[in-house]
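Remarks on the structure that follows.
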Amino acid sequence: MKAIAIIQDEHRAITSVIEGLRHMLVEVAAGRIPVDHALIGAMFHYIEAFPEKLHHPKEDDFLFARLRARRPEAAPLLDALEAEHAIGRERFAELKATWERFRDDPSTLPAFVEAVERYSYFHWRHMRKEEDELLPLAAKALADEDWKAIDTAFLSNEDPIVGVPASKAFRELFRRIVAIAPPPWGVGPEAAPR
């Protein structure tokens, strides 16, 4: 059942990136820091490269598939989570388009902030459903051979932030995010070394 801890760690990394983005935009909107489009681009690259292309597909293909086979009555929950993965990809594309408009027209900052808030809330609700409902059910319902296959799949993840080997660029991104995001996702600007 190593996959459960890996999924939870990955959720924390994903949340840190999204929360870092949210809190950076709060500071930008308040005029306390300038907008850093390179940092936003790195955050978007992470979201696109890891949760959308690796984390969610492995949940669908390994964890959800095994649980669906062992517990057919879990189909409504699994269907909802799989649908949320698809919706998340659509919402990310919309978020990225909103950022591109903001880059071209800084007066659209409020629309970008609102889009980030919606995206953040959507992902928070989705991850809560996985951690509060799905993972406990999977822990009870799946057999050792199921976990062996699921663990193998998730151990092969190379989350560029929490995985090994994490690239130097993503380690630097994570360091910058931790400095921006407030606790519990980071240390926040007031706690960062000056």
Side-chain angles (χ1 to χ4, degrees), residues 6-29 35-65 77-135 153-154 156-163 166-167 169-174 176-178 180-182 185-186:
I6 293 169
I7 290 168
Q8 291 169 330
D9 286 345
E10 291 174 356
H11 283 176
R12 281 191 290 278
I14 294 164
T15 299
S16 293
V17 172
I18 295 170
E19 288 301 310
L21 177 60
R22 282 184 67 233
H23 291 284
M24 179 176 66
L25 291 178
V26 166
E27 297 297 304
V28 168
V35 65
D36 184 341
H37 285 293
L39 179 55
I40 295 171
M43 292 171 163
F44 276 46
H45 174 68
Y46 171 81
I47 294 168
E48 198 165 36
F50 185 71
E52 297 302 342
K53 291 186 179 170
L54 186 63
H55 175 85
H56 293 152
K58 283 195 177 180
E59 286 177 335
D60 292 344
D61 295 344
F62 294 93
L63 179 60
F64 295 5
L77 173 63
L78 297 168
D79 292 345
L81 291 170
E82 286 176 346
E84 288 172 8
H85 287 169
I87 292 165
R89 286 187 297 276
E90 293 168 10
R91 292 205 178 169
F92 178 71
E94 292 166 5
L95 180 62
K96 197 170 180 182
T98 306
W99 172 50
E100 289 165 359
R101 282 191 295 279
F102 169 59
R103 277 192 321 207
D104 294 337
D105 179 3
S107 72
T108 64
L109 175 61
F112 183 43
V113 170
E114 183 180 321
V116 168
E117 289 296 323
R118 281 193 312 270
Y119 185 78
S120 172
Y121 182 68
F122 171 80
H123 266 282
W124 176 81
R125 281 185 22 244
H126 173 74
M127 286 189 266
R128 289 287 26 100
K129 193 182 299 182
E130 286 183 344
E131 291 194 15
D132 296 344
E133 297 177 45
L134 175 81
L135 294 179
F154 277 91
S156 73
N157 278 5
E158 289 189 10
D159 179 332
I161 287 180
V162 298
S167 74
F170 276 112
R171 284 193 308 270
E172 174 61 18
L173 167 64
F174 194 63
R176 290 178 71 188
I177 290 167
V178 167
I180 292 168
W185 304 283

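These values consider heavy atoms only, across backbone and side chains, with no hydrogens, waters or symmetry-generated copies. Nothing fancy with the numbering, it's 1 onward along the sequence.
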- Test side-chain contact (heavy atoms from CB on, under 4.5 Å) applied to Ile47 and Tyr119, step by step: CA-CA 12 Å; Ile47 294 168; Tyr119 185 78; 3.2 Å; yes
- Task: Dump the intermediate steps for side-chain contact (heavy atoms from CB on, under 4.5 Å) on Glu59 and Leu81, then the final yes or no.
- Result: CA-CA 9 Å; Glu59 286 177 335; Leu81 291 170; over 6 Å; no
- Step by step, would you call Gln8 with Leu135 a side-chain contact (heavy atoms from CB on, under 4.5 Å)? CA-CA 9 Å; Gln8 291 169 330; Leu135 294 179; 4.1 Å; yes
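Closest heavy-atom contact between Ala29 and Leu109: CA-CD2, 3.7 Å. Counting all heavy atoms, side chain and backbone alike, Trp99 lies closest to Gly41 at CH2-CA, 3.5 Å. Considering every non-hydrogen atom in both Glu84 and Phe122, the closest pair reads O-CZ, 3.3 Å.
Between His85 and His56, the ring planes are parallel. Angles under 30° get that label, and only those over 60° would be called perpendicular. Ring geometry for Phe92 against Phe44 counts as tilted: the plane angle lies between 30° and 60°, on a 0 to 90° scale.
Ion pair Arg22/Glu19 flagged as a salt bridge, since at least one NZ, NE, NH1 or NH2 atom sits closer than 4.0 Å to an Asp/Glu carboxylate oxygen.
With values rounded to the nearest 0.5 angstrom, Leu39 atom CG is found 4.5 Å from Met24 atom CE. For the atom pair CG of Leu63 and CZ of Phe154, the computed distance is 6.0 Å after rounding to the nearest 0.5 Å. Atom CG of residue Leu95 and atom CD1 of residue Ile18 lie 9.0 Å apart, to the nearest 0.5 angstrom. The structure places CD of Glu130 at 9.5 Å from NE2 of His123, a figure rounded to the nearest 0.5 Å.
Remark: of the listed residues Val28, Leu25, Val35, Leu25 is the sole one forming a side chain to side chain contact (heavy atoms under 4.5 Å, CB included) with Phe112.
The list of salt bridge (charged side-chain N to carboxylate O under 4.0 Å, His left out) pairs with a residue in residues 101-115, not counting sequence neighbours, reads Glu114-Arg118.
Between the side chain of Ser16 and the backbone N or O of Arg12 there is at least one donor-acceptor pair closer than 3.5 Å.
Side chains of His23 and Glu27: a donor-acceptor N/O pair is absent below 3.5 angstrom, by distance only.
Considering only heavy atoms from C-beta on, His37 comes within 4.5 Å of Ile40 through its side chain. Side-chain contact between Lys58 and Ile7: absent, with no pair of heavy atoms (C-beta onward) separated by less than 4.5 Å. Between Tyr121 and Glu117 the shortest side-chain heavy-atom distance does not fall below 4.5 Å. Ile14 places a side-chain heavy atom less than 4.5 Å from the side chain of His55. The shortest distance between side-chain heavy atoms of Phe64 and Leu134 falls below 4.5 Å.
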